[in-house]
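The structure under discussion appears below in the form of structure tokens.
In this text the structure is predicted, and so the values were computed from the model without any measurement. What's counted below: heavy atoms across the whole structure, side chains too, no hydrogens, waters or symmetry copies.
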Amino acid sequence: MSTVLNKKYYLSKDVVKLAKDLIGKVIHTNIDGVLTSAIITETEAYAGITDKASHAYGGRRTQRTEVMYSEGGIAYVYLCYGMHYLFNIVTNKKDIPHAVLIRGIYPLKGIETMLQRAHKNKLTKDIGKGPGKVTKLLGIDKRHNAISLLDNTIWLSDENINIKKNAIIVSKRIGIDYAGEDALLPYRFSVNDEGLINSINK
DNA sequence: CGTACGATCTGCT
DNA sequence: GCAGATCGTACGA
């Protein structure tokens, strides 16, 4: 049985717990006329105005970060290093800029399309490892910034994929050395390859 | 208006 | 392991 993640889910007050819970959930996109879906294998939490690694640190509100202050359940997509789109899920209630960055996925449906988008000819374990690759495979770009995740373009579901607790790795976040001591926070969650394969093959 | 740089990936060494 | 690609955003002048 499959359940689409609803508004209540995204309104969770605990962004770190949510980031962990999203491991093993399924993300679907209906973009450019193609349906794709993939298991979420890696996430990072960005905990609002007190988190130095967050774009909303210190309560910063700009045209770009305004999206993060919306009510949970929408997408925050932005360009990084001038060439990669990064996909985040905005969580918590309005005016609390929490978000979860999706850093890794593993393709389930629409694999042919994803291979084309990645310019690859075969499926590998690491095809969806890395936040820039996630958006590339799923076809997400800045057009999808601020869209609802309760609609039929991008949405998430719980397919009862059972990831063993001990297959989830908790670590510090990546690429945020500028965040001082907050760079050390255990806000990154990922499932190891073995745990992932075990969950898919049943 | 100018400028510095980033929640990265790839290919070459 | 490292440099290069490449550009919107943020912020100071």
Quiz item: For residues 79-98 of chain A, which residue pairs qualify under ring-ring contact (aromatic ring centres under 6.0 Å, His included), counting only residues two or more places apart or in two chains?
Solution: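 Every pair satisfying ring-ring contact (aromatic ring centres under 6.0 Å, His included) with a residue in residues 79-98 of chain A: there are none.
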Under 4.0 Å between a side-chain nitrogen and a carboxylate oxygen: does that hold for [X] and [Y]?
| X | Y | value |
| --- | --- | --- |
| A:D177 | A:K172 | no |
| A:D32 | A:R143 | yes |
| A:D21 | A:K25 | yes |

Quiz item: Does the side chain of A:D126 pick up a donor-acceptor pair with the side chain of A:T124 at under 3.5 Å?
Solution: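 Result is yes, a qualifying pair exists.
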Quiz item: Would you say the side chains of A:Y187 and A:D51 form a donor-acceptor pair under 3.5 Å?
Solution: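 No.
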Starting at [atom1] of [X] and ending at [atom2] of [N], how long is that distance when rounded to a whole Å?
| X | N | atom1 | atom2 | answer |
| --- | --- | --- | --- | --- |
| A:Y81 | C:dA3 | OH | P | 14 Å |
| A:I176 | B:dT8 | CD1 | P | 9 Å |
| A:Y57 | C:dA10 | OH | P | 17 Å |
| A:Y178 | C:dC11 | OH | P | 13 Å |
| A:M83 | C:dA3 | CE | C1' | 12 Å |
| A:R61 | C:dA10 | CZ | P | 13 Å |
| A:Y85 | C:dG8 | OH | C1' | 9 Å |
| A:I127 | B:dC9 | CD1 | C1' | 14 Å |

Any donor-acceptor N/O pair, [X] side chain to [Y] backbone, under 3.5 Å:
| X | Y | result |
| --- | --- | --- |
| A:S70 | A:V67 | yes |
| A:N88 | A:A99 | no |
| A:N145 | A:V77 | yes |
| A:K7 | A:G72 | yes |

4.5 Å side-chain heavy-atom contact, [X] and [Y]:
| X | Y | result |
| --- | --- | --- |
| A:K125 | A:T41 | no |
| A:D158 | A:L5 | yes |
| A:L101 | A:Y76 | no |
| A:I174 | A:E44 | yes |

Hey, can you pull the residues of [range] with a non-hydrogen atom under 4.0 angstrom from DNA chain B?
| range | result |
| --- | --- |
| residues 90-108 of chain A | A:L101, A:R103 |
| residues 9-29 of chain A | none |
| residues 63-70 of chain A | A:M68 |

Quiz item: Among B:dA7, B:dC9, C:dA10, which nucleotide sits nearest the side chain of A:T62?
Solution: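 Of the candidates, C:dA10 comes closest.
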Practice problem: Ignoring backbone atoms, establish whether A:R60 has a side-chain N or O less than 4.0 Å from OP1 or OP2 of C:dC11. | Solution: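 Yes.
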Exercise. Select from A:K142 and A:H84 the residue whose nearest nucleotide in DNA chain C is closer to the 5' end of that strand.
Key: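 Nearer the 5' end of the strand: A:H84.
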Exercise. Is it possible for you to say whether A:V15 and A:V90 belong to one hydrophobic cluster, with membership spreading through side-chain heavy-atom contacts below 4.5 Å?
Key: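 Cluster IDs for A:V15 and A:V90 differ.
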Exercise. Is it possible for you to say whether A:L86 and A:F189 belong to one hydrophobic cluster, with membership spreading through side-chain heavy-atom contacts below 4.5 Å?
Key: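 The answer is no; the residues belong to distinct hydrophobic clusters.
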Using the 3.5 Å cut-off, write out each protein N or O paired with an N or O of nucleotides 10-13 of chain B and the distance between them.
residue, atom, partner, partner atom, Å
B:dT10, OP2, A:K133, NZ, 3.3

Quiz item: Under a 3.5 Å cutoff on both atom distances, Watson-Crick or G-U, what's the dot-bracket for DNA chain B ([ ] crossing, | other strand)?
Solution: ||||||.|||||.
